[in-house]
Each structure stands twice: as structure tokens, then as C-alpha cells.
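Letters A, B, ... are given to chains in the order of the sequence lines, protein chains preceding strands, and every chain is numbered from 1.
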Amino acid sequence: MELPPKVKNILLLDSEGKRIAAKYYSGDWPTNTAKEAFEKAVFSKTQKTNARTEVEVTALENNIIVYKFVQDLHFFVTGGEEENELVLASLLLFDAVNLLLRGNADKREALDNLDLIFLCFDEIIDGGIVLETDANVIAEKAGINSIDPNAPLSEQTISQALATAREHLTRSLMK
Amino acid sequence: MAQPFVKKDDDHDDEMEYSPFMGIEKGAVLQEARVFNDAQVDPRRCSQVITKLLYLLNQGESFTKVEATEVFFSVTKLFQSKDTGLRRMVYLIIKELSPSSDEVIIVTSSLMKDMNSKIDMYRANAIRVLCRIIDGTLLTQIERYLKQAIVDKNPVVSSAALVSGLHLLRTNPEIVKRWSNEVQEGVQSRSALVQFHALALLHQIRQNDRLAVSKLVGSLTRGSVRSPLAQCLLIRYTSQVIRDMSNHGQSGERPFYEFLESCLRHKAEMVILEAARAITELDGVTSRELTPAITVLQLFLSSPKPVLRFAAVRTLNKVSMTHPMAVTNCNIDMESLISDQNRSIATLAITTLLKTGNESSVERLMKQITNFMSDIADEFKIVVVDAIRSLCVKFPLKYRSLMTFLSNILREEGGFEYKRAIVDSIVTIIRDIPDAKEGGLLHLCEFIEDCEFTYLSTQILHFLGIEGPKTSDPSKYIRYIYNRVHLENATVRAAAVSTLAKFGFMVESLKPRITVLLKRCIYDSDDEVRDRATLFLSVLGGDGTLDADKDSKEFLFGSLEAPLGNMETSLKNYDPSEEAFDINSVPKEVKSQPLAEKKAQGKKPTGLGAPPAAPASGFEGYERLLSSIPEFAAFGKLFKSSSPVELTEAETEYAVNVVKHIFDNHVVFQYNCTNTIPEQLLERVNVIVDASEAEEFSEVASKALNSLPYDSPGQAFVAFEKPAGVPAVGKFSNTLTFVVKEVDPSTGEAEDDGVEDEYQLEDLEVVSADYMVKVSVSNFRNAWESMNEEDEHVDEYGLGQRESLGEAIKAVIDLLGMQPCEGTETVPSNARSHTCLLSGVYIGNVKVLVRAQFGMDSSKEIAMKLAVRAEDVSVAEAIHEIVANG
């Protein structure tokens, strides 16, 4: 008997239903065709709903799906019908992704930083089992600073310097 | 922060869809992957390439074995770089590539080095990767490190090891079980998630040791569990322990209920929900136990969060199936959910309300649903239609408004499944409520005037042919049916011709007119239609002698004696030859379906597709089966067949259940046997019945089963004689006797020599309820008053102490085997008195009505006043006798 909460998949689709990133943990959808069909069904079922302020929920093919839309990103988490929907809702990635993308979560940023999205997926669920739920911790773990911990600071890459600079700039502008 | 792969254009506002992966190609990326082999590793460049590879895999691209191996080998070279970001990507891609066991060896040393690294992130991830790809032998080598990692002071490392343990437990349980000391330590961890993972693993390790699980739960429910997730887990384990305990005969106060109840006051909503659900799912939950759970769910119903509202209404919906009364308090909150933005919530609210609503609220509810039907999807509409059907069966008096609703939605747009659900519902209502028949048939007639689904048209025409001629004015249906002959495709036309013929045959006054109509059909453009018309004309034109009448009746209305499945097999096996196919050679014995299928069937709507077409195990099916067996043919008309009673435990060698068939002077036991051992063939299967505890019964006949191969059910019968019309009761003990022959599973051939053996079955009882057929009346009051008041028998009984009124009422219903009317079998949760109305037909075809008034005093003593009216005074007395002896 499987008692710990189990996640069947997490999906990140764009505003046209195209897959940006997806991870499946159950054998319910063995082929890519089956996966795409599922994503299409989920997308068309939820497309017209308003999941921008609150997390929404629906049932599809004996699964419970919780979802939330941020800009043109559609986040989904799927679990079996006996699953606690509040547990599933706690696994929606948008908070962590938003943190990682420094508050500019949209499709373009997500694709530009797809490595971070993949790491985020990897940090939240391991083989269907919840690994971590705190968005801050996930963002911290996935948000690798790609420096050798033993290397001197001067070897930071230009882009990092730029990113830090940009962050400083936005902060000062926001004030 | 990782890098964009393409330099961003300065004008971001470009409307062109932008993607760094535009035009990406597997071949090109694999070429790029050669940079992994460069002597001087460029971490940024390599990370980008890995991301591209991951992107391809994620989009469903697959690598060939050679490609994957090549990428894997070059990726392993990247371990020499000290860049942490790159290392993370390396871990990811290794997991995605899932290398084969001979390849794994290349990375194990690198990963083991990382497992002992000073950097926490390396340790955690190396463990996760390694555990994903290694096999048992390698696992024993690193076991030491894993045990150490479980108690690592860094929670991320500890969680990684515990979660890996959960996965490994499936493949290498004996190794993981050795870690329970370390895991136990994890349960005490201060980190919320470590505690959660440790708890999950510890429970998995001990799950087969019931005592250990019970102790674990016992200690933790007192202690402090930190994270909401772990608390949810604990609630699940607790309900499992409660279930196990009640299975093992522990009685008295339910253990751990208090813990579940205290969780309803937890600060995390997910824990509250988990606890509320656990309480509603307790076996035999009482209304007192339910109340606090329902109260918190009711609060959730008005939450601004859709997920909470959904969770609450979904749970209440389930509760309403078993405890409709407990949910009624939430009805007002639920009615406001009918207009919820989220359609899943609205639909669940509607169906729950339909289950819990009482008779007076039906009309108001229907009005609300009508407003909402137009803007929901077909699949939701089907749910609503199904709920309305059961509502109509529950409150037959309300059939008028429900039927109007159904006929209105039938006229609106909709797909096939939806229309079929509506038609099925109307047909069910027509069957169950005689008063609804004429109106319902007319609705169906109007529907086929404009129906785009051939299947539905033909089914409805068939149904009209059976029911239409029995109505008060059959002629009014003719126009609708004949219109089909003009306007429809050949399939529907043919069905219409058959239906017309049935009217012509059944209603003498219509015969000449039907003949005229049929004559017009013989010029139809389609062969089948012409053939049918010609055939029916000759049947109708028969000379009216008794013999001819009987033949044509048989032809028109008779059903195929053999089950369709058997017919199909026989036809398939038939070799076209000189010898004609003999319909009598088709076996008539009904193969009872495997259990799984039966369950699935139980869910199917009982509408058009069901009873008339294939009564495989229904009353009609039994009737035909029994009359086809010469030994029992003389017993007369079958009065009642019970539902199957299991005589064996589930999963035993031989599965046997019995159906009790009651005749006026006889009782026939039908033993449905299934052999579940592939290596055995049973022959000469017989049931030896000892009726020493059933004095009024004497065995008159038995029919053994010649052969019972594996997984192919068969039936044996034993018949008893009993005094006519008397509801004799008794207890029978049964023994299955047979000859076992070994079967070679590879060839399927049985050995010649068999061994005699026997198998003890459970006892079987014939009880008073077996002599009562459940028959519902649409208006109990009218029926009650139409019976002679002087024949009423009233008496009072004390039923002793009971848990609740509902329990006492259920006991009385089960004892009498009668049909509860007008939903009076359900009791409001806090009621102290209740009246239950029952109806049925007693052996000898005597109609019986019962009005039972129940009252409960403060000490839960229950008293019952039972008023019985029957067409025969002696039967009313007999009912009282049953209650007095029960």
C-alpha cells in the first residue's frame, strides 16, 4: 500500500498549451503521445478558468489536478483521486520559479533559464515522493551560483556580475 | 544564474515568438556535446549543452542506445570540473540517461567520492543519483555511507538518503530494512521534512508488522510531529491501525479517534482536511463521530480558496452516499456553490444536494439546476442526469417535475453519451413508476422525431414496441413510429417496421390499419425493410388459430433462450457444412461473470441496454434457466430469486456462491462454482446438503455439474420440497463433493485418473425475507388507504438497546426483506422518532404494506409500533410473527 502522498506529474505549459517542461512519475502515460494527449486535455479543460489569483483545481480521468497561471506560464500538479488536494497545491512550483526568475516569471524568462526550471523540478519531487515544499529552500537549492566554491571571487562570470548589477538597479528603481 | 543561449536582441518587444530552442536539432546538439571531451572544460558552455540535451529529452525526443551511451561517457568526464553549477547539471543528465548496469561502473567512483565530499549539495545529490542507478551488489558496498547520510547533520543530505531508501525498499528490501535504527533517529529529527521522510520510510519498513505500526502510531500521536506533511502521514497510518484493529474484533471505544478529532483543530489546512477525510472514511462511523468533521468541512465550503471548497464538497459528496442525513446541515452553503466559478465544484455540489435533498426541496433545486445546465460540459451533465434518476426513484411522487426537466434537456443540444444518459433515465423512470409511463413514452416519441443518433432511435423504437401496446391508447404512438418509416435511414426504418408489427399483433383493433401501413413498406428501397415488412404481413395475416398465434407471439416477443455470449461462440465454432446450425445445441447455462466484471456492471446505468436485452443473472434469466432444466420444470412459476450468497471466503481454491430460488411448493438452491486452480479439473461436482436443521424441507432432486475446468464457472442444483405457501425457514449445511484430476498447465490436458475429494462450504439459511419480494409503490398513502382498514394488524415491540434509530430500522427492513418507500429508510441524525414505510409482495402474491413507527428513549432503548395491512389477514399475522421471532 502506498501511503505517502504521491505525485503523478508536474507540468509547466505555455499559454498555448505547449510543453515548456514536464516530469512524469507514474506509468499512467507510457508514451510521449499519451503524455501530449494528457497535457492537451488538461490545458483545454483549464484554459478558460481564472487561476491567476488563487490556485484552482479540477478532476480529470480519475486524477486531481491543481493549477495556477502566472503570466503566460501554466503550472500543474497531478495526483490520484484519493490524494489530499491541499498537499498537491503545496507543490505548485510558481513561488519557487518566481523567486528563481527574480520576479519576472514568464515564458521567455523560463526558457532562457530552463536549466533552473529543470533543477527546480528535481528539487521538489524525487520519483513521485515529495522532497521539499518550501519555495525559498527550493529556489536556494536550484539557484546554483555557478562558481567553484574554492575559486576566487574575481573569476565570477561577466553575466553574474551583470545579473547582480541588474538586480541592484531594479531594487533602486523600485524604491 | 545560468546563461541565455542566444544573445538577446535589444528590442525585446519584438512580437515574433522567441525561444532559445528555436530550430534545435538532435544531431546538432549531439555534435555540440563533443565539448565535454575538451581538455579544458568550459563549465558555462557545457551547462548550456546539457540543458539542450535535457530539453530534447523533455520534449519527448529519444536517444538511441548508441547515442545515449556516447553522451553518458562524455558527461562522466565533466566530473573533473569543480564548477558546482555544472556538477548539478551532470547529476541531472545522468539520471535522465538512466545508464545500463555495465556503464554505471564508470561513474560510481566519482559519485562515491562526491558522497563523502565536504559540500552538502554534492553529498545529497550524489546519493540520489547513485541510488537511482545502482543494483543490489553495489548497494551493499555503499550501504555504510547511506546509513551515515541518514543521520547527517544537514537535513538536505538526510532527506536525500531517506527518500532514496523509500525507492530502494522496492528493489532491495532486505538491505534497507537493516537501516531502521538510523531511520528511527530521523523520526526524532528537528527538521520538518527529515521527520516526514523518516516516518514514511520507517512505516514502509515495518508495514507488515502490525504491532510495530500500532506502537509507532501510538507513540507519535502523543508526541510532537512537526511538519503538516508528516502529520498527514500519521493520520493515514492511524486510520490504517484503526481499520486493522476493528478487523480483529476489538470493540468498545474506537481507539485513536480522539487523536483524529484533535487534528481537526490543527493550524494547517491540509492536516484538517486529512483528518476530516479520515473520520468520514472510518468503518461504520457513527453520526456523533462524524459531526465535528462535517463542521470543519462546512467552514471550508465558504472559503475563498477554490481548492478548499473543492476538497470539502468532494468529501461531503462521498459522505452523502452513506450518511445523507449528516450532510443536510451543509445544504445552504452547498446551494450557494451551485453558481461557483469552478464547474467541478458546482457539479459536486449539485449531485450532493440531489442526494441529501428532501422531497420538499426537489422543485427549488430543479429550478436552480435548469439555470445552470446550459453552461456546463456534457460529462458534468451526465453526472447530473444520473443523480436525477436516483432522486426520482427515491421520491416517486416528484416524477412529474423531474420528467419535465429530463424531457426539456432532451430537446436541447448534446452529444450521444449525454442523450443516452437522459433516455436511459426516462426509461428507468417509466419502468419503476407506472404512472409515469404514458407521459414518458410520449417524450421519447417526440425525441425520435428529431434524433440524430441511429442507435438511440432503434432502441427507443424497440422499447415502444414492448411498452406502447400495453398503454390505454396505443394508437397515438403509431403516427410517430410510421413517420420514421418515411424520414429515416434504413436501420431505423427496419426497427420502425418491427415496432409497428408488434402493435398490430398485440392490439387487435389496430391490426387492419397496421396491415395497410406495412403494405406500403414492401416497396421500400432497402432489402431488410422490405423483408421485415413482408414477413410481418404474413404473420399478421395468419388465420388466427391458436397454434399460429403462439408461434408468431414467440417469434415477435420471445427472447433468445440461450445467452447471447454462448450463441456467439457457437456460431463462431460452426463450420459451414451440409448440416444446418442447430440452435438447440447452444448451451443455455449462464456463465456467471468474473467478480471484477460484475462490479463494473453494477455501476452501469440500468436503462435501455440492460434488462430486456440480456438478463444474464436477473430474475428473467433465472426463470428461463430453471425452466430449461427438466427436473425443475414442473415446479410452476418462480416467485423470487435471492441475490447470490457467498459460501466460501474470497481467494480460496473453489469459489462457491448460492442463489435461493423460491417456488410455491419448492425451493431450489443454485450453487455457482468456480475452480480457481489452473492445475486442476473437477468432475462430477455435487453439493451434499444436510437439511437436519430444516425440518419442513425434504430433498427431491439434484443436478450435478459434470465438469468444472479452471476459471470457467458452472452450476450445480439441489431442490427441496416444502409445504405449499408456507414461509418455512431452516438452516442447511453444504459439502462440495467432486473428483479432482491433475491438469498439465502447458498442454491443458487432464490425467485420466482422478481422486475423490470434498470441500466444506459455509452454512446456508432460508429466512422469512426470502418469501418477500421488494415492490415499490409510487404513492404509499393511496395504496395504504385502498386496503381494508379492518384487516390492519397493529402490535408493539421493544427492540432493545441500539446504537441509533437508523440501525434499528435497517435491521427491521433486512428482517422483512421489504422495499422502503419514499425515502423513509433514512433517518435525520438527531431524530428520536421516525416512521418508516415498507411495501412488498408475500409468497402467494399477496400485497403487503407496513407502517413502522420507531421511538428511542434516553437510554437508547428502541420501541416499535408495527401496523401491517395485507390483502390476506393471515399474511398480516405472519408478518407480525416474523418480527416477533426475529
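- Across B:Q59, B:R128, B:Q341, the residue that shares the most heavy-atom pairs under 4.5 angstrom with chain A is B:R128.
- Inter-residue side-chain proximity for A:I129 and B:H167 is flagged as met; some heavy-atom pair is nearer than 4.5 Å.
- Within residues 70-78 of chain A, no residue has any heavy atom closer than 4.5 Å to a heavy atom of chain B.
- There is no contact between A:K35 and chain B, counting heavy-atom distances below 4.5 Å.
- No side-chain heavy atom of B:H203 sits under 4.5 Å from any side-chain heavy atom of A:P4.
- Residues satisfying the salt bridge (Lys or Arg N to Asp or Glu O under 4.0 Å) test with B:K305, not counting sequence neighbours, are B:E269.
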The test is side-chain contact (heavy atoms from CB on, under 4.5 Å); show your working for A:K141 and B:D120 and say whether it passes. CA-CA 11 Å; A:K141 285 206 280 181; B:D120 296 335; over 6 Å; no
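- For B:E281, the salt bridge (Lys or Arg N to Asp or Glu O under 4.0 Å) criterion is met by no residue, not counting sequence neighbours.
- The minimum heavy-atom distance linking B:P306 with A:E54 is given by the pair CD-CB, 3.5 Å.
- For A:I125, the part lying near chain B is the backbone, with the side chain staying farther off; criterion is any non-hydrogen pair under 4.5 Å.
- Of the two parts of A:S90, only the side chain, counted from C-beta on, holds a non-hydrogen atom closer than 4.5 Å to a non-hydrogen atom of chain B.
- With a 4.5 Å cut-off on non-hydrogen atoms, A:E83 touches chain B through its backbone and its side chain both.
- Scanning both residues, A:L131 and B:L193, for their nearest heavy atoms gives O-CD2, 3.9 Å.
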side-chain contact (heavy atoms from CB on, under 4.5 Å) between A:I64 and B:F310, worked out: CA-CA 10 Å; A:I64 298 291; B:F310 178 84; 3.7 Å; yes
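- Of the residues considered (A:I20, A:I117, A:V55), A:V55 shows the highest number of contacts with chain B, using heavy-atom pairs under 4.5 Å.
- Contact count against chain A (heavy-atom pairs under 4.5 Å) is highest for B:A311 among B:A311, B:A124, B:S81, B:P304.
- The two residues B:Y55 and A:L114 come nearest to each other via the heavy atoms CD1-CD2, 3.4 Å.
- When every heavy atom of A:F118 is checked against every heavy atom of B:T51, the shortest pair comes out as CE1-O, 4.2 Å.
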Does the pair A:E56 and B:N342 meet the rule for a side-chain hydrogen bond (donor to acceptor under 3.5 Å, both in side chains), with working shown? CA-CA 8 Å; A:E56 279 285 347; B:N342 185 319; 2.6 Å; yes
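- For the pair A:A21 and B:N58, the tightest heavy-atom approach, listed with the atom from each and the gap, is CA-OD1, 3.2 Å.
- Looking at A:V137, neither its backbone nor its side chain comes within 4.5 Å of chain B, counting heavy atoms on both sides.
- Expressed to the nearest 0.5 Å, how far OG of B:S344 lies from CG of A:L60 amounts to 9.5 Å.
- Using a distance-only test at 3.5 Å, with no hydrogens or angles considered, no donor-acceptor pair links the side chain of B:E274 to the main chain of A:N84.
- Partners of A:T49 according to the side-chain contact (heavy atoms from CB on, under 4.5 Å) rule, which considers only residues two or more places apart in sequence or in another chain, are A:T46, A:Y67, A:F69.
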Apply the test side-chain contact (heavy atoms from CB on, under 4.5 Å) to residues B:R132 and A:D126: give CA-CA distance (whole Å), side-chain angles for both, the deciding distance (0.1 Å), then the verdict. CA-CA 10 Å; B:R132 180 68 61 87; A:D126 185 293; 3.2 Å; yes
Any chance you could lay out the salt bridge (charged side-chain N to carboxylate O under 4.0 Å, His left out) test for B:R88 and A:D115, step after step, and finish with the verdict? CA-CA 10 Å; B:R88 282 292 272 119; A:D115 50 349; over 6 Å; no
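- Residue A:E85 holds its CD atom at 4.0 Å from CZ of B:R277, rounded to the nearest 0.5 Å.
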Evaluate A:L119 against B:M89 for side-chain contact (heavy atoms from CB on, under 4.5 Å), listing each step before the verdict. CA-CA 8 Å; A:L119 288 174; B:M89 298 311 281; 4.2 Å; yes
